[in-house]
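The structure under discussion appears below in the form of structure tokens.
The structure presented is a predicted model; accordingly, all values stated were derived computationally and were not measured. Below, read A as the first sequence line, B as the second, and so on, with proteins coming before strands; counting in each chain starts at 1. We use all heavy atoms of the structure for the numbers below, so side chains are in, but hydrogens, waters and symmetry mates are not.
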Number of protein chains: 2
Amino acid sequence: MMRAVSGHPSMQRAAPKPDDMLCFAVYAAAHAFTRAYRPLLAPHGLTYPQYLVLLLLWAEDGRTVGEIGLPLFLDSGTLTPLLRRLESAGLVRRSRDGDDERQVRIRLTADGRALRAKLKGVPDAIGRAVGLPGGELAAVTETVRRLGGTLRSKGAAEASGAPATAGRAGPRRRPRAGAPG
Amino acid sequence: MMRAVSGHPSMQRAAPKPDDMLCFAVYAAAHAFTRAYRPLLAPHGLTYPQYLVLLLLWAEDGRTVGEIGLPLFLDSGTLTPLLRRLESAGLVRRSRDGDDERQVRIRLTADGRALRAKLKGVPDAIGRAVGLPGGELAAVTETVRRLGGTLRSKGAAEASGAPATAGRAGPRRRPRAGAPG
DNA sequence: CCGGAATAGATTGCGCGCAATCTATTTCTC
DNA sequence: GAGAAATAGATTGCGCGCAATCTATTCCGG
């Protein structure tokens, strides 16, 4: 029953609450996005990651698995089954590249290309759900994109003490500032 | 900048590329966060969602499943197996509430409480990986949190013009510009 | 050429997320 | 107080994400 509160000898440093944490805000917003996409994509039998793959193929068809995974930060463990599902849905074809048999090229079918027109209203629908004016939208996008890049470049392991690589890890003014986790 | 739109008969309206989209930036940043947490949590046998649950329990022990799911936006389909894993790891106990047998209360074990001290360095490690000054950190957190709240309150279905209640596949409205998705 | 290293995907295993459904308790209404 | 409705979790099924491992092809040094 004892509720350890301030001043008590066994008092732990107050751990941040999820709601105050940037990581949780991002985590929850990501789920909220896929949930917002669901009613728009599910009627066409698509999931959000599948939609991302189609966006890439609509921009440039005939990519290899690796050329899809690189911009999406996904590996073959995720993409292989996803692409297989797109194939069995009749939206893409998968075939080994003739010049390099290691590579698998993904090509849209007619149905896959036609889906583009059917989903043309999706970005606007999401835009309305986000409800941010254009300038602010671009600013937030850039901020969050940079955040992802930072986390990807220097993982928490490296950041936890050792200077990564010629790191710009300058002097910390205060060890305890916010609640980033 | 040049805007390649309209004119050619077969020209589709340029679909946004994932890298320009807010939803993708959030999606990628969320994955980058869980990836950053992994080397900090995995040695203790924890995942990021499990860590979130423990944060809540460290702040207030003896919560019900629902009281854990509400702030995390998770339902029993996710939490029941997660909590079962925490239980079989010896970190929590699960028991039906005596006053209301429908509810299941989650209580930390001694090991579960002890883990708090072992993980006390995690927030700072993540904070270094994020590398944002305190004020900016709070601002971004608030922006992203508000974004999630907006998406949760008005899903894309309602925002797309269709009546909120009932009615599948409502009419589509006029297109607009931007790359929010 | 030949054999080892590098590369591209596929496979396996596990833990989320979440919709849909089910069961067991309350709680509400008549 | 009996039956209906509401509520809390559990269960089932599917699609990611990702680490670890495996296979097949290509590249490279000699």
Problem - Val53(B) side chain reached by Leu83(B) side chain, heavy atoms, under 4.5 Å - result: yes
Practice task
May I ask you to decide whether Arg94(A) forms a salt bridge with Glu87(A), counting only side-chain N to carboxylate O separations under 4.0 Å?
Solution key: yes
Exercise for the section: Provide, to the nearest angstrom, the distance between the CD atom belonging to Gln50(B) and the C1' atom belonging to dC14(C). Expected result: 11 Å
Exercise for the section: Taking only Lys NZ, Arg NE, NH1 and NH2, and the carboxylate oxygens of Asp or Glu, determine whether Asp100(A) and Arg102(A) approach each other closer than 4.0 Å. Expected result: yes
Handout entry: Spacing of Arg35(A) atom CZ relative to dA20(C) atom C1', expressed in whole Å
Key = 13 Å
Problem - Whole-Å gap separating P (dA10(C)) and CD (Glu87(A)) - result: 10 Å
Exercise for the section: Using a strict cut-off of less than 4.0 Å between a Lys/Arg side-chain nitrogen and an Asp/Glu carboxylate oxygen, indicate whether Asp61(A) and Arg107(A) qualify as a salt bridge. Expected result: no
Fill in the blank from the handout: When rounded to whole Å, the NE2 to C1' distance for the pair His44(B) and dG15(C) reads 19 Å
Exercise for the section: Please assess Gln50(A) against Leu82(A) for the test side-chain contact (heavy atoms from CB on, under 4.5 Å), listing each intermediate value before the final yes or no. Expected result: CA-CA 7 Å; Gln50(A) 289 169 10; Leu82(A) 185 155; 3.8 Å; yes
Completion exercise
Overall bend of the helix from dC1(C)-dG30(D) to dC30(C)-dG1(D) (five pairs an end, 10° steps) is 10°
Exercise for the section: Start with the C-alpha gap between Val104(A) and Thr80(A), add the side-chain angles, then the distance that decides, and say whether side-chain contact (heavy atoms from CB on, under 4.5 Å) holds. Expected result: CA-CA 10 Å; Val104(A) 169; Thr80(A) 295; over 6 Å; no
Problem - cation_pi(Arg38(A), Tyr48(A)) dist<6.0 Å, angle<=45 - result: no
Handout entry: DNA chain C: 5'-proximal contact among Thr34(A) and Gly66(A) (nearest heavy atom)
Key = Gly66(A)
Practice task
Please report, rounded to the nearest Å, how far the P atom of dC16(C) is from the CZ atom of Arg38(B).
Solution key: 10 Å
Exercise for the section: Could you go through the side-chain contact (heavy atoms from CB on, under 4.5 Å) check for Val130(B) and Phe33(B) one step at a time? Expected result: CA-CA 9 Å; Val130(B) 168; Phe33(B) 260 121; 3.8 Å; yes
Fill in the blank from the handout: Taken to the nearest whole Å, CZ/Arg63(A) to C1'/dA8(C) is 17 Å
Problem - For atom NE2 of His31(A) and atom P of dC16(D), their distance in whole Å - result: 14 Å
Fill in the blank from the handout: Checking Thr47(A), Leu46(A), Leu57(A), Ile106(A) against Leu86(A) for side-chain contact (heavy atoms from CB on, under 4.5 Å), the one that qualifies is Leu46(A)
Handout entry: Nearest-angstrom distance from the residue atom CG of Leu52(A) to C1' of dG17(D)
Key = 13 Å
Exercise for the section: Compare side-chain N and O positions of Thr64(A) against OP1 and OP2 of dA8(C) and report whether any pair is under 4.0 Å apart. Expected result: no
Handout entry: Spacing of Asp19(A) atom CG and Leu55(B) atom CG [to the nearest 0.5 Å]
Key = 12.0 Å
Practice task
Name every residue in residues 93-104 of chain B that has at least one heavy atom under 4.0 Å from any atom of DNA chain D, in order of residue number, or write none if there are no such residues.
Solution key: Arg94(B), Arg96(B), Arg102(B), Gln103(B), Val104(B)
Problem - Contact list for DNA chain D against residues 67-86 of chain B - heavy-atom distance below 4.0 Å - result: Ser76(B), Gly77(B), Thr80(B), Arg84(B)
Exercise for the section: Give a yes/no on whether any side-chain N or O of Tyr27(B) is located under 4.0 angstrom from OP1 or OP2 of dG17(D). Expected result: yes
Practice task
Please lay out, stage by stage, how Trp58(B) and Leu115(B) fare under the test side-chain contact (heavy atoms from CB on, under 4.5 Å).
Solution key: CA-CA 10 Å; Trp58(B) 288 332; Leu115(B) 204 52; 4.1 Å; yes
